[in-house]
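Below is one structure, written out as structure tokens; comments come after it.
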Amino acid sequence: MRGNLLTENDAAMTFDRKIKIAPSILSADFANFGKECEAIEAQGADWVHVDVMDGHFVPNITFGPAMCAAIRPHIKTVMDVHLMISPVDAYIDAFAQAGADVITAHVEAGPHIHRTLQAIRGAGAKAGLALNPGTPVSAVDHLLDMADLICVMGVNPGFGGQKFIRSQLDKIRTLRARIGDRPIHIELDGGCDPETAPLIAQAGADVLVAGSAVFRGGSVDTPGIYGENIRTIRTAAEGVYA
Ligand code: DX5
Ligand code: ZN
């Protein structure tokens, strides 16, 4: 909810631990983002994951708040904005005004991550905290009450299509135990496909980001392929989740 207005996607933001598939539009057609977002939602995506990269925190550059504002009208579910940028704080309001429902910053992005999480919530968005593969779970110990989502990176951030780093499964398990009953999502980002999804779900993640595994083989003209890819990942994850 932004301001006093109930938005269409408030129901989508109600907390639960059901498996949610969040396609990353990093693997979409960059000339056609609006239609790509509509296609993946029509084909069963629960959230839309938006990867913002600055060429400084990560070795790649994607897009900024103006692009997020442009695609917002094409997203009915949850716009999940993953900031791979440093510094972060000066841009939080711009991404919140662009309509981000979740804004995730990296714990490694600066010395004042607690302040960053306060600023994200203060701007009216849900606050996410991302951990690079080399960062231990203890980095979030004093931040859990400030976070609505913890994003465990399954790859080193910067590019889609990389191989899943298996040691992150143990990180998810440890995190799941530390979170206990708190209403905090665990998101896994990077390397999620039908083979790794069951392991990721079993370890305790509920939001599965998948870029290449969702967009592979499809297009806005053949969106049914996106649907098959999403269903295959979801079925694989749910098979062990119950
Ligand atoms: C990596 C991004 C991921 C990535 C996932 O820096 O944060 O969201 O696009 O891509 P796949 O699913 O292809 O590993
Ligand atoms: Zn991401």
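Start at 1 and go down the list; that is how both ligands and their atoms are numbered. All of these numbers come straight from a predicted model, not from anything done at the bench.
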Charged N-O contact under 4.0 Å between Asp206 and Lys20: yes
Verdict with supporting geometry, Phe164 and Leu199, side chain to side chain contact (heavy atoms under 4.5 Å, CB included): CA-CA 11 Å; Phe164 182 63; Leu199 309 172; 5.6 Å; no
Asp189, N/O/S atom nearest the Zn ion (ligand 2): OD2
Side chain to side chain contact (heavy atoms under 4.5 Å, CB included) evaluation trace for Leu169 with Ile200: CA-CA 6 Å; Leu169 292 170; Ile200 292 163; 4.1 Å; yes
Under 4.0 Å from ligand 1 - residues by heavy atom, chain and number: Ser24, Leu26, His49, Asp51, Met53, His82, Met84, Met153, Pro157, Gly158, Phe159, Gly160, Gly161, Asp189, Gly190, Gly191, Val209, Ala210, Gly211, Ser212
Partner residues of His49 under the ring pair (Phe, Tyr, Trp, His ring centres under 6.0 Å) criterion, sequence neighbours left out: His82
Polar side-chain atom of Arg176 near backbone of Gly180 as donor-acceptor pair, under 3.5 Å: yes
Any N, O or S atom of His82 closer than 2.8 Å to the Zn ion (ligand 2): yes
N/O donor to acceptor pairs below 3.5 angstrom from side-chain atoms of residues 89-97, sequence neighbours left out:
from	atom 1	to	atom 2	distance (Å)
Asp89	OD1	Thr116	OG1	2.6

Pairs involving residues 25-42, ordered by first then second residue, that meet side chain to side chain donor-acceptor pair (under 3.5 Å) (sequence neighbours left out): Glu36-Tyr226, Glu38-His74, Glu41-Thr77
Proximal heteroatom of Asp51 relative to the Zn ion (ligand 2) (N/O/S): OD1
